[in-house]
Amino acid sequence: MTDRVTVSVHEGVADVRLNRPDKLNALDMAMFDALAETGDALAADASVRAVVLSGEGRAFCAGLDFSGFAAMAGDGVRTGESERARRLLGDITDREPGRITNLGQQAVHVWRELPQPVIAAVHGHALGGGLQIVLGADIRIVAPDAKLSVLEIRWGLVPDMTGTAALIRLVGEDVAKELTFTGRMVSGEDAARIGLATRVDADPHAAATALAREIAGNSPDAVRSAKRLLNRAADHDLAGQFLEESRALGALRGTPNQVEAVRAYFEKRPPSFT
């Protein structure tokens with residue numbers, strides 16, 4: 001585990017924070033690794049009864065750190081990356097050993113797999129991959145002025161971190177498509193209205209912590225069993241869905257239109273797609 005994610009446990013509640021505030025907790029390979037490893041460690045810790053997931057600084061997570069993803073434009077895999085990061089930047093359809101996910105997906109799916117309930121406390125921005133991490137939680141408490149977006153369309157890409165399955169499950173097919181096709185920004189208030197968030201609170205972290213403490217006071221066996229049953233009722237062929245996400249992203253990244261989407265955004269001009 002790296003300093004990208006911090007964990008503190010008090011009275012059965014794990015306070016997990018994305019810890020890259022100078023970059024609005026943007027996702028690089030070290031962050032993906034840290035999220036997956038943190039989830040695995042918490043799953044094995046019987047003393048943890050509930051988890052609060054949040055971001056340090058001014059935002060939950062602003063999405064991908066494109067400065068660390070030159071390979072998306074076909075520049076190859078950088079030296080010094082972990083083996084699992086190399087797999088993600090190489091053939092994105094490769095699965096994590098023994099899992100239905102690649103590394104990027106596992107950084108999200110690990111929270112749904114976790115036997116303990118996970119409550120996301122969202123403030124500031126939760127964009128693209130950042131929003132998908134939020135969707136991996138069981139419950140989402142957001143600030144009224146938080147900004148959430150399925151932002152991948154801006155970069156000529158698709159949600160590829162389990163987001164397609166989560167969006168359909170939470171907001172329904174039509175709203176999921178509208179959010180994905182447009183990348184429009186949604187406030188915390190609107191997110192709660194359409195089902196993207198559970199509820200709003202002016203202090204989402206305090207509210208999430210209070211809820212986690214309430215949950216932690218219940219029978220851990222009953223809570224874990226309830227989460228497992230509710231997940232099973234909602235999940236349909238996730239392995240196939242996650243693999244299709246990866247295939248779609250792999251077919252898009254580095255193509256002329258995808259590179260043009262990124263360049264046009266940073267050059268502040270309308271894109272010219274072929």
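Being a predicted model, the structure only gives us computed values, none of them experimental. Position 1 is the first residue of the sequence, and the numbers go up from there.
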Ion pair present between D33 and R4, side-chain N to carboxylate O less than 4.0 angstrom? no
Just verifying a value: how many Å separate M185 CE and D190 CG, rounded to the nearest 0.5 Å? 12.5 Å
Check this for me: does any side-chain nitrogen of one of K23 and D28 sit under 4.0 Å from a carboxylate oxygen of the other? no
Only one of I139, D138, T209 passes side-chain contact (heavy atoms from CB on, under 4.5 Å) with I119, and that residue is I139
Would you call the rings of W155 and F266 parallel, tilted or perpendicular if under 30° counts as parallel and over 60° as perpendicular? parallel
Stepwise, does the side-chain contact (heavy atoms from CB on, under 4.5 Å) test hold for W111 with L35? CA-CA 9 Å; W111 307 109; L35 285 166; 4.0 Å; yes
Side-chain polar contacts of residues 165-176 - donor-acceptor pairs under 3.5 angstrom, sequence neighbours left out - could you list them?
from : atom 1 : to   : atom 2 : distance (Å)
E173 : OE2    : K177 : NZ     : 2.6

Indicate yes or no for a side-chain donor-acceptor contact from D94 to the backbone of N102 under 3.5 Å, with no hydrogens or angles considered. no
Closer than 3.5 angstrom, by distance alone: can the side chain of E244 be matched with the main-chain N or O of Q241 as a donor-acceptor pair? no
Using modelled atom types and a 3.5 Å cut-off, is there a donor and acceptor pairing between side-chain atoms of D65 and backbone atoms of L27? no
d(C61 SG, Q132 CD) to nearest 0.5 Å is 10.0 Å
Output for pair (R253 CZ, L157 CG), nearest 0.5 Å, gives 9.5 Å
Same cluster or not: are I141 and V118 linked, directly or through other Ile, Leu, Val, Met, Phe, Trp or Tyr residues, by side-chain heavy atoms under 4.5 angstrom apart? no
Between E260 (side chain only) and S272 (backbone N and O only), is there a donor and an acceptor less than 3.5 Å apart? yes
Taking the side chain as every heavy atom from C-beta outward, state whether L64 and F32 have any atom pair closer than 4.5 Å. yes
Do the side chains of L135 and T162 get nearer than 4.5 Å, heavy atoms only? no
Rounded at 0.5 Å granularity, tell me how far CG in L249 sits from CZ in R247. 13.5 Å
If you count the non-hydrogen atoms of other residues, nucleotides and ligands that lie under 6.0 Å from OH in Y265, is the total more than 12? no
For the pair R184 and E178, evaluate side-chain contact (heavy atoms from CB on, under 4.5 Å) and give the outcome as yes or no after the intermediate values. CA-CA 8 Å; R184 74 176 176 92; E178 187 252 342; 2.6 Å; yes
Does a donor on one side chain and an acceptor on the other come within less than 3.5 Å for N19 and T6? no
Main-chain N/O of T164 paired with E245 side-chain donor or acceptor, under 3.5 Å: yes
Can a donor-acceptor pair be found, under 3.5 Å and without considering hydrogens, that links the side chain of H123 to the backbone of G57? yes
Would you find a donor on one side and an acceptor on the other, under 3.5 Å apart, between the side chain of D15 and the backbone of S8? no
Short question: side chain of N231, backbone of E113 - any donor-acceptor pair under 3.5 Å? no
Looking at R232, I'd like to know if its CZ atom is crowded, meaning that more than 12 non-hydrogen atoms belonging to other residues, nucleotides or ligands lie closer than 6.0 Å. no
Look only at the side chain of R95 and the backbone of T93, and say whether a donor-acceptor pair between them is shorter than 3.5 Å. yes
Could you check I92 against D160 for side-chain contact (heavy atoms from CB on, under 4.5 Å), going step by step and ending with a plain yes or no? CA-CA 10 Å; I92 201 166; D160 64 299; 4.2 Å; yes
Go through the steps for R112 and D235 under the test side-chain contact (heavy atoms from CB on, under 4.5 Å), then give the verdict. CA-CA 11 Å; R112 188 163 178 81; D235 293 342; 2.9 Å; yes
Side-chain (Q116) to main-chain (L42) donor-acceptor, under 3.5 angstrom: yes
I need the R49 CZ to N218 CG distance, nearest 0.5 Å. 9.5 Å
